[in-house]
Amino acid sequence: MSASIQNSHEAYRLEIDQGQLIVHTYGRWNLDTIKSIDRALQADLRAIGYGKVKTSGEDYGVDDSEFGGVVFDFKELIRIDTAGAFILTRTIGCHDGMCRMWRVRNANPGQQILLTAAAHASAGMEVPPPKPWYEPLSRLGEGFLNGLRETYETIAFFGQFSVILFKMLLRPQRIRWKSVFSHIEKVGLDALPIVVVLSFFIGCVLAFMGSDLLEAFGAKVFVVDLVGLAVLREFAVLITAILMAGRSNSAFTAEIGSMKMRQEIDAMTVIGLNTGETLVAPRALACLVSAPILTFFAMVAGLLGGMLVTWSQGISPILFTARITEVVSINHFWVGMVKAPVFAMVIAIIGCRQGLAVGGSVESLGRRTTTSVVQAIFAIILLDAMFAMLFLQMDV
Amino acid sequence: MHNVNYDKLDFSVPVEAIGVRSQFGSNVINENLNLQLKSGEILGVVGGSGSGKSVLLNTLLGLKSPDGGVVNIFGHDRKHITADELKYFENRVGVLFQGGALFSSLTVRENIMVPMRLHTNLPVPLMRELADMKLDMVGLPMTAATLNPSDLSGGMRKRAGLARALALDPRILFLDEPTAGLDPVGATAFDELIVQLREALGLTIFMVTHDLDTLFATCDRVAVLVDKHIAIADTLDNVVKYDHPWVAEYFGGPRSRAAGLATQNKGIE
């Protein structure tokens with residue numbers, strides 16, 4: 001029996017003839033038009049019951065078994081592109097997971113190839129599995145484990161590098177002095193203005209806040225003790241370290257990371273250059289030299305800032321310096337200074353390790369640079385707290 | 001959608017350079033360069049290193065404006081086209097850069113979807129399906145869809161780049177050294193892919209290449225860029241006979257003879 005159901009759309013007409021679905025196509029089937037065609041076609045196919053497997057016999061008006069095959073008629077088609085071909089084969093050829101026999105008539109060889117390629121693609125497609133409900137939890141766990149692994153690897157890297165550094169110090173001719181000095185210029189000298197300015201302002205703010213508060217107790221002159229203690233013990237070295245983490249540590253990661261991306265690191269290894277000696281050691285030594293010097297200048301600038309503000313509050317510079325030498329012992333200076341090389345080492349090690357851990361993509365370079373700065377600042381604050389407790393116990 | 005005068009479009013000569021001159025400072029790269037790309041053909045451009053092939057490609061693509069002469073695209077002077085027309089042309093031109101030039105922060109599938117997102121209003125699930133289809137067309141497995149470009153091999157990256165170039169079903173495809181850096185098997189497969197795609201999609205292909213095998217296997221016409229201009233653009237047989245020292249050296253070398261022999265043998269089979 002030959003039934004003929006016609007569902008019309010400006011781009012196609014569906015016809016059922018002797019158990020075959022005939023799709024007459026009109027006009028243009030391309031990226032600009034397929035959006036509406038796709039929707040209409042799916043609805044019309046559903047309306048004629050195409051693709052539904054017969055369940056109990058009265059599901060839809062047309063029994064599925066009627067559709068022996070599909071014929072695409074391209075007689076009146078103007079143009080079809082891959083998107084149009086895909087819609088045709090995906091929606092009709094493989095509807096509801098069932099793939100049927102299809103053929104095309106009145107098509108040129110190019111269109112034939114196009115349809116075949118489209119059918120091949122739509123047959124092999126698979127839907128990605130949805131994310132399980134515990135996905136956020138597993139990500140949390142992964143993040144925690146990652147943190148542990150990072151810590152472990154940073155410490156391991158520090159150990160490896162310590163051995164290299166120790167060997168180099170035994171044979172100083174192996175140190176690349178040229179590289180060391182070039183890095184001292186970048187890490188130390190170039191950072192000097194910003195470190196000094198920032199520290200100066202911190203000293204000013206401390207003095208302002210302190211004198212305001214202490215005046216209420218009638219103990220205004222103690223602001224000198226406050227500025228001296230805070231700047232010497234904590235602020236100078238912290239400002240220096242945090243600025244180094246922001247400036248130099250990120251630069252180390254980016255420099256070494258892009259070398260890694262361009263296989264320069266691999267080339268060095270093959271030639272026999274030790275990356276620890278050639279890349280990490282000069283940077284670490286530069287940091288070790290620069291950090292105490294920068295810290296010293298930061299201390300001077302901070303005290304100057306404090307002195308300037310207290311002068312405006314009625315404490316003369318002569319009184320300020322006299323009181324500093326009288327009440328602030330040299331111990332406080334050394335407490336600040338002794339932390340500088342430790343922080344310097346942490347900054348250099350984290351920066352270089354993250355740089356060497358960069359993978360092949362630009363994205364990983366960006367991620368590693370961020371991680372590097374965050375880790376370095378985190379480590380600095382943590383170590384500073386540990387130092388504070390240590391010095392408290394030691395009574396210095 | 002586009003405010004473009006379709007009557008003025010000339011599809012028979014999609015890209016044309018007339019008397020183009022390009023220079024950097026006083027260094028003239030291309031001088032009085034004439035070249036026509038005819039609809040439906042595969043045109044290969046050859047020339048020595050530093051002969052200005054890449055500059056020519058950039059000029060035709062509009063990345064660099066010519067310092068003299070005219071570049072026509074679909075019969076329009078590139079200098080005087082409106083924004084709407086430019087958008088229309090962008091939709092009809094696909095480019096495969098030498099290294100693939102995939103966006104490294106996106107997965108392969110997302111890379112292919114970028115032009116679709118920009119130039120069409122298709123729903124995202126449909127875009128995803130179309131992207132997967134392009135992947136299949138260029139011969140990449142579905143598993144590559146979710147990978148990052150850095151996880152792909154050089155050949156796969158080129159195929160993914162080709163899939164992105166084909167995302168909007170362009171009329172013209174520009175290929176910059178499509179087979180450079182591929183192993184011979186991969187390069188042959190790529191040549192076949194290009195010819196197949198031309199058949200299926202009716203593409204017009206402009207190809208800059210060094211690869212003699214590719215020239216012999218795919219190109220309908222070959223243009224030779226020497227002495228700052230296109231000396232000859234003709235079928236391979238005629239180009240080989242052309243009387244110029246560089247051409248003689250290029251096509252007379254052992255590599256060329258081997259490539260020619262391989263093509264002949266294929267014909268006999």
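All chains are named by letter (A, B, ...) in the order of the sequence lines, taking the proteins before the strands, and each is independently numbered beginning at 1. Predicted model only: the values in this text are computed from it and were never measured.
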If you round to the nearest 0.5 Å, how far is [atom2] of [Y] from [atom1] of [X]?
{"X": "B:R171", "Y": "A:D81", "atom1": "CZ", "atom2": "CG", "result": "10.0 Å"}
{"X": "B:M127", "Y": "A:K35", "atom1": "CE", "atom2": "NZ", "result": "9.0 Å"}
{"X": "B:L126", "Y": "A:I34", "atom1": "CG", "atom2": "CD1", "result": "4.5 Å"}
{"X": "A:T82", "Y": "B:M137", "atom1": "OG1", "atom2": "CE", "result": "5.5 Å"}

Of the backbone (N, CA, C, O) and the side chain (C-beta and beyond), which part of [X] lies under 4.5 Å from a heavy atom of chain A, both, or neither?
{"X": "B:D151", "answer": "neither"}
{"X": "B:A167", "answer": "backbone"}
{"X": "B:L168", "answer": "both"}

TODO: Could you tell me whether the side chain of B:L201 reaches within less than 4.5 Å of the side chain of A:L114, counting heavy atoms only?
DONE: yes
Task: Check: B:S104 and A:E363 side chains under 4.5 Å, non-hydrogen atoms - done: no
Step through the shown structure and confirm whether more than 12 heavy atoms of other residues, nucleotides or ligands are within 6.0 Å of [atom1] on [X].
{"X": "A:Q263", "atom1": "CD", "value": "no"}
{"X": "A:R139", "atom1": "CZ", "value": "no"}
{"X": "B:K64", "atom1": "NZ", "value": "yes"}
{"X": "A:R28", "atom1": "CZ", "value": "no"}

Open item on the list: Run B:L122 and A:D38 through side-chain contact (heavy atoms from CB on, under 4.5 Å) and show every step you take.
Closed with: CA-CA 10 Å; B:L122 298 175; A:D38 184 27; over 6 Å; no
Task: B:D169 and A:N30: CA distance, side-chain angles, deciding distance, side-chain contact (heavy atoms from CB on, under 4.5 Å) verdict - done: CA-CA 9 Å; B:D169 273 288; A:N30 58 25; over 6 Å; no
TODO: Select one option (side chain, backbone, both, neither) describing which atoms of A:R39 are under 4.5 Å from chain B's heavy atoms.
DONE: neither
TODO: Let me know if A:I80 has heavy atoms under 4.5 Å from chain B in its side chain, its backbone, both or neither.
DONE: neither
TODO: Count the heavy-atom pairs under 4.5 Å between each of B:R198, B:Q196, B:K134 and chain A, then report the option with the highest count.
DONE: B:K134
